[in-house]
Amino acid sequence: IGLFVIFVFIWIVGQGGAVIAYDRVAALGFHPLRDQVDPITILVTQGIAVGDVLVQLPFFVVAILGLWSQRFFGVAAAWIGLGINLYWITVAWAKHWYYLQAGVETVPFGIGLHGPLGFIFMFSAWAIWYLYQNRKLFD
């Protein structure tokens, strides 16, 4: 539940902010600064952010409410939200690799970017398995 609360905060500020005021959230460190990357990467980031806010964020909120009340709909929403995490991180890595192959200026391929993504990916995979193993605790 705690990680979903963190995700909600990050998605509202980081992704929602990227749609509304990219430069402001980039200055906070949620995204690369405009002068550090190719302009197309900002547009792609904003497009992905719209999907994150409209699709994934509601699943996180429903997961929090459902897991807190130990209802099965919380487990289902968590599976969906965590599954989307696995998907978007895979897309982020692939997108980054293709940007580098095409010579598009993007953030450096380093631990500062990919360490947190790797953690979220591994945690999401583990949490999907954990919730599956304990699904009978939720009615």
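Nothing fancy with the numbering, it's 1 onward along the sequence.
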**Q** Just verifying a value: how many Å separate W129 CH2 and L82 CG, rounded to the nearest 0.5 Å?
**A** 14.0 Å
**Q** Is there a side-chain contact between R34 and I42 (heavy atoms, below 4.5 Å)?
**A**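 Yes, close enough: below the 4.5 Å cut-off.
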**Q** CD/E105 to CG/L100 distance, rounded to the nearest 0.5 angstrom?
**A** 11.0 Å
**Q** To the nearest 0.5 Å, what is the distance between CG (D52) and CD (Q46)?
**A**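 Atom-to-atom, D52:CG and Q46:CD are 12.5 Å apart.
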**Q** Find the distance between CZ (F60) and CZ (F4) and round it off to the nearest 0.5 Å.
**A**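 Going from CZ on F60 over to CZ on F4, the span is 6.5 Å.
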**Q** What orientation do H114 and H96 show, parallel under 30°, tilted 30 to 60°, or perpendicular over 60°?
**A** perpendicular
**Q** Could you tell me if the side chain of L131 sits less than 4.5 Å from the side chain of L67, heavy atoms only?
**A** yes
**Q** Less than 4.5 Å apart, any side-chain heavy atom of T106 and any of D38?
**A**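 They are not in contact (no side-chain heavy atoms under 4.5 Å apart), so the answer is no.
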**Q** Yes or no on side chain to side chain contact (heavy atoms under 4.5 Å, CB included) for W79 and F59, after CA distance, side-chain angles and deciding distance?
**A** CA-CA 9 Å; W79 281 332; F59 284 114; over 6 Å; no
**Q** What are the two closest heavy atoms between A77 and V62, and how far apart are they?
**A**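 Scanning both residues, the minimum pair turns out to be CB-CG1, 3.6 Å.
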**Q** What verdict does the side chain to side chain contact (heavy atoms under 4.5 Å, CB included) test give for V25 and I20, after you've listed the backbone C-alpha separation in whole Å, the side-chain angles of each residue and the deciding distance to 0.1 Å?
**A** CA-CA 9 Å; V25 295; I20 298 167; over 6 Å; no
**Q** Does a side-chain heavy-atom distance below 4.5 Å link N85 with F7?
**A** yes
**Q** Quick check for you: to the nearest 0.5 Å, what is the distance between K95 atom NZ and T45 atom OG1?
**A** 4.5 Å
**Q** Report the relative orientation of the aromatic rings in W88 and W11; use parallel for angles under 30°, tilted for 30 to 60°, perpendicular for over 60°.
**A** perpendicular
**Q** Output the distance between atom CG (D139) and atom CZ (R71), rounded to the nearest 0.5 Å.
**A** 5.5 Å
**Q** Looking only at side chains, do H31 and Q15 share a donor and an acceptor under 3.5 Å apart?
**A**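 Per modelled atom types, H31 and Q15 side chains form a pair under 3.5 Å.
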